[in-house]
Amino acid sequence: MEEHPELMPLLTVSGGAMRGLSFRVGRDPQLVGRAPSADIVLADPHLSRRHATVQATPDGVVLTDLGSTNGTWLNDQRIAGSVPLADGDVIRLGRTDLRFFDPGVARTDPVGMSFGQPRRDQRPTLPLPVPPTPRPPVEARGALPLAVDAHR
């Protein structure tokens, strides 16, 4: 995973004041909370200063509640202690929702990346043909029609 950091698990804030921010989950335990000294600082007054930890282990990513006042919720169920995370899980800490994404367990290569030998049946993507736009008649483009001498 270290040679491809884009394959490291990811926590993305999907609800709350910091929506859109993402954090990579590393092999060392990362403290999540509102304390400035936390590894993942979330601006949420409903979070404990030291709310939970996340850590990538050889068996997968583990979420641990640190006895927070408002609790740590995984897929709408309050957890106690440590629980393993699965791709797509939703973690709620205070009023902040985090979505867990683990590209390392995805069944297909992430978009724009390829890690194996090129497939023989893979063809390049070609743009769809665009039909030419018909040009309006000369009169419609603002030009004046030529006078025709009918007496010739």
Side-chain angles (χ1 to χ4, degrees), residues 1-137 140-142:
M1 245 187 317
E2 279 75 27
E3 62 272 5
H4 296 289
E6 59 276 358
L7 292 180
M8 292 176 64
L10 187 69
L11 287 174
T12 300
V13 180
S14 59
M18 300 177 71
R19 186 178 184 148
L21 287 179
S22 293
F23 307 93
R24 294 279 177 198
V25 179
R27 296 200 186 279
D28 295 328
Q30 293 172 281
L31 176 64
V32 181
R34 62 181 168 87
S37 60
D39 299 304
I40 299 175
V41 179
L42 298 174
D44 183 341
H46 300 278
L47 246 67
S48 297
R49 286 180 175 79
R50 299 175 45 85
H51 200 97
T53 61
V54 290
Q55 179 181 13
T57 70
D59 296 325
V61 176
V62 175
L63 172 68
T64 305
D65 180 66
L66 299 177
S68 58
T69 304
N70 291 328
T72 299
W73 298 75
L74 179 61
N75 300 323
D76 292 325
Q77 293 189 7
R78 189 170 182 160
I79 67 164
S82 298
V83 295
L85 295 178
D87 186 42
D89 280 347
V90 176
I91 303 162
R92 189 173 71 236
L93 309 168
R95 294 196 177 157
T96 301
D97 290 338
L98 301 165
R99 178 159 305 264
F100 177 69
F101 175 64
D102 190 352
V105 298
R107 297 182 69 135
T108 59
D109 289 340
V111 174
M113 298 180 68
S114 180
F115 295 98
Q117 294 292 327
R119 294 181 0 202
R120 291 180 187 260
D121 63 341
Q122 192 172 15
R123 295 180 296 186
T125 303
L126 300 173
L128 293 173
V130 178
T133 309
R135 292 186 60 160
R141 286 188 260 152

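What's counted below: heavy atoms across the whole structure, side chains too, no hydrogens, waters or symmetry copies.
Interatomic distance, OG of Ser37 versus CZ of Arg50, reported as 7.5 Å (0.5 Å rounding). Ile40 contributes atom CD1, which lies 12.0 Å from atom CZ of Arg24 (distance to the nearest 0.5 angstrom). Atoms CG and OG, on Leu11 and Ser22 in that order, are 8.5 Å from each other to the nearest 0.5 Å.
Using a 4.5 Å cut-off on side-chain heavy atoms (C-beta onward), Leu98 and Leu93 make contact. Using a 4.5 Å heavy-atom cutoff, the side chains of Met18 and Leu42 are in contact. Within the 4.5 Å cutoff, side-chain heavy atoms of Phe101 are placed close to those of Asp87. Between Asp102 and Val25, the closest side-chain pair of non-hydrogen atoms is not below 4.5 Å. Leu31 places a side-chain heavy atom less than 4.5 Å from the side chain of Leu66.
Side-chain atoms of Asn75 come within 3.5 Å of backbone atoms of Val90 as a donor-acceptor pair (strictly under, hydrogens ignored). Looking only at distances, no side-chain donor or acceptor of Gln55 sits under 3.5 Å from a matching main-chain atom of Asp28. A side-chain donor-acceptor contact under 3.5 Å links Asn70 to the backbone of His46. Using modelled atom types, no side-chain atom of Gln30 and backbone atom of Ala56 make a donor-acceptor pair closer than 3.5 Å. With Arg92 contributing its side chain and Trp73 its backbone, the two residues share no donor-acceptor pair below 3.5 Å. In this structure a side-chain-to-backbone donor-acceptor pair under 3.5 Å is missing from Arg99 to Ser14.
Closest approach of Asp89 to Pro84, counting heavy atoms only: OD2-O, 4.3 Å. In terms of heavy-atom proximity, Pro9 sits nearest to Pro103 at CA-CD, 4.1 Å. Closest of all the heavy-atom pairs between Ala17 and Ala43 is CB-O, 4.0 Å. Between Asp65 and Ser68 the shortest heavy-atom distance is OD1-OG, 2.7 Å. For the pair Gly94 and Leu47, the tightest heavy-atom approach, listed with the atom from each and the gap, is N-CD1, 3.6 Å. Phe23 and Val41 get closest at one heavy-atom pair: CZ-O, 4.5 Å.
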| When you look at His51 and Thr72, which way does the side chain to side chain contact (heavy atoms under 4.5 Å, CB included) test go after all the steps? | CA-CA 8 Å; His51 200 97; Thr72 299; 3.3 Å; yes
| query | Hey, mind stepping through Leu74 and Leu85 against side chain to side chain contact (heavy atoms under 4.5 Å, CB included) and telling me if it holds? | reply | CA-CA 9 Å; Leu74 179 61; Leu85 295 178; 3.6 Å; yes
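A salt bridge does not link Arg19 with Asp97: none of the charged nitrogens is closer than 4.0 Å to a carboxylate oxygen.
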